[in-house]
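Below is one structure, written out as structure tokens, with a few remarks after it.
Reminder, nothing fancy here: chain letters follow the sequence lines and each chain counts from 1.
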There are 2 protein chains.
Amino acid sequence: MLDNTKVLLFERQAEIAKAVGHPLRIAVIDFLRDGEKCVCDIAEHIGSERSNVSRHLGVMVHAGVLICRKDGVKVFYSLRTPCVADFLSCVGRVLKHQAEENGKLLASL
Amino acid sequence: MLDNTKVLLFERQAEIAKAVGHPLRIAVIDFLRDGEKCVCDIAEHIGSERSNVSRHLGVMVHAGVLICRKDGVKVFYSLRTPCVADFLSCVGRVLKHQAEENGKLLASL
DNA sequence: TTACTATGTGAGTATATTATCACATAGTCA
DNA sequence: TGACTATGTGATAATATACTCACATAGTAA
């Protein structure tokens, strides 16, 4: 059975994975790879309402995936740690593995 | 702006991250690190209803995180690729980074 | 066959997440 | 000061997700 420490760990891990588990949020993370960006730039790049983007950013800050910095009237968001990008690369590797298996399947037909 | 290829990629990446973004499912992935397990063993280890666990397993198979193999009356689930465990390690590193920053904060008080 | 076990699934309810709109706040500049 | 810009947030509705119960299915073994 699971002990309490593990349950807490799994909950925190799930919170982070969940914060990444939305197409818009992944697009934001991808966009932030080359440095911090303000909400207006992010919203324009993503092509979604500012208020919506602002909420998604809040979710990621709360989970600890992003950090933000205020500068005048603008708020700049950036990846909290490069690990987050690694994390996405890991997902990419899972996808690649899937694609390879699909390729094998196709080749065998 | 985002092109269509990227949007599709982000959607697939989000599906995988979302499939991992639940405490029970992370507990399953952790449990499967040392090899395939049947639903009944997983349910007992997790401490949740079989039907519920079965649904969560279905979500992960659908997303491509797990694979299953039928043997007699039992169905054995396992990680589709070791990348999935790496993926969790990445999340762990994000958490570690957070803990370190919290430590620094505490130390400065 | 019958009884049993392991698994999956439909239906229903409870809860969570998302997107949108309108508005509030805070900083900037004339 | 007033007009403007960037951002965040309350309220709402639409949708998705999670959990439970009851039942169906399929394999096993007497």
Please pick, from [options], the nucleotide with the shortest atom-to-atom distance to any side-chain atom of [X].
{"X": "A:Ser54", "options": "C:dA26, D:dG8, C:dT18", "answer": "D:dG8"}
{"X": "B:Cys40", "options": "C:dA6, D:dA18, D:dT7", "answer": "C:dA6"}
{"X": "A:Val39", "options": "D:dA26, C:dT17, D:dG8", "answer": "D:dG8"}
{"X": "B:Cys38", "options": "C:dA22, D:dT20, C:dT7", "answer": "C:dT7"}
{"X": "A:His22", "options": "C:dA19, C:dT7, C:dT17", "answer": "C:dA19"}

Can you check the [X] [atom1] to [N] [atom2] distance for me, whole Å?
{"X": "B:Glu49", "N": "D:dC23", "atom1": "CD", "atom2": "P", "value": "15 Å"}
{"X": "A:Arg50", "N": "C:dA19", "atom1": "CZ", "atom2": "C1'", "value": "14 Å"}
{"X": "A:Asn52", "N": "D:dA13", "atom1": "CG", "atom2": "P", "value": "18 Å"}
{"X": "A:Lys37", "N": "D:dA6", "atom1": "NZ", "atom2": "C1'", "value": "17 Å"}
{"X": "A:Lys70", "N": "C:dG27", "atom1": "NZ", "atom2": "P", "value": "5 Å"}
{"X": "A:His62", "N": "D:dG8", "atom1": "NE2", "atom2": "C1'", "value": "16 Å"}
{"X": "A:Glu11", "N": "C:dA16", "atom1": "CD", "atom2": "P", "value": "13 Å"}
{"X": "A:Leu24", "N": "C:dT18", "atom1": "CG", "atom2": "P", "value": "10 Å"}

Phosphate OP1/OP2 of [N]: any [X] side-chain N/O under 4.0 Å:
{"X": "A:Tyr77", "N": "D:dG8", "answer": "yes"}
{"X": "A:His56", "N": "C:dT20", "answer": "no"}
{"X": "B:Lys74", "N": "D:dT28", "answer": "no"}

Original post:
What orientation do A:His56 and A:His22 show, parallel under 30°, tilted 30 to 60°, or perpendicular over 60°?
Top reply: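 Aromatic pair A:His56/A:His22 classed tilted.
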Original post:
Is there a donor N/O on one and an acceptor N/O on the other, under 3.5 Å, for the side chain of B:Arg55 and the base of C:dT7?
Top reply: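 Side chain to base: no pair below 3.5 Å.
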Subject >> DNA chain C: 5'-proximal contact among A:Gly72 and A:Arg25 (nearest heavy atom) >> reply: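 Mapping each residue to its closest nucleotide by heavy atoms, the 5'-most match is A:Arg25.
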Subject >> Worked verdict on A:Glu15 versus A:Lys18 for salt bridge (charged side-chain N to carboxylate O under 4.0 Å, His left out) >> reply: CA-CA 5 Å; A:Glu15 194 186 359; A:Lys18 200 153 56 167; over 6 Å; no
Original post:
Salt bridge between B:Lys104 and B:Glu101, side-chain N to carboxylate O under 4.0 Å?
Top reply: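 No, no charged N to carboxylate O under 4.0 Å.
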Original post:
Atom CD in A:Glu36, atom CG in A:Asp41: separation rounded to 0.5 Å?
Top reply: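 CG of A:Asp41 is found 11.0 Å from CD of A:Glu36.
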Original post:
Around B:Asn4, counting heavy atoms of other residues, nucleotides and ligands shown, do more than 12 lie under 6.0 Å from its CG?
Top reply: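 At most 12 heavy atoms, drawn from other residues, nucleotides or ligands, come within 6.0 Å of this atom.
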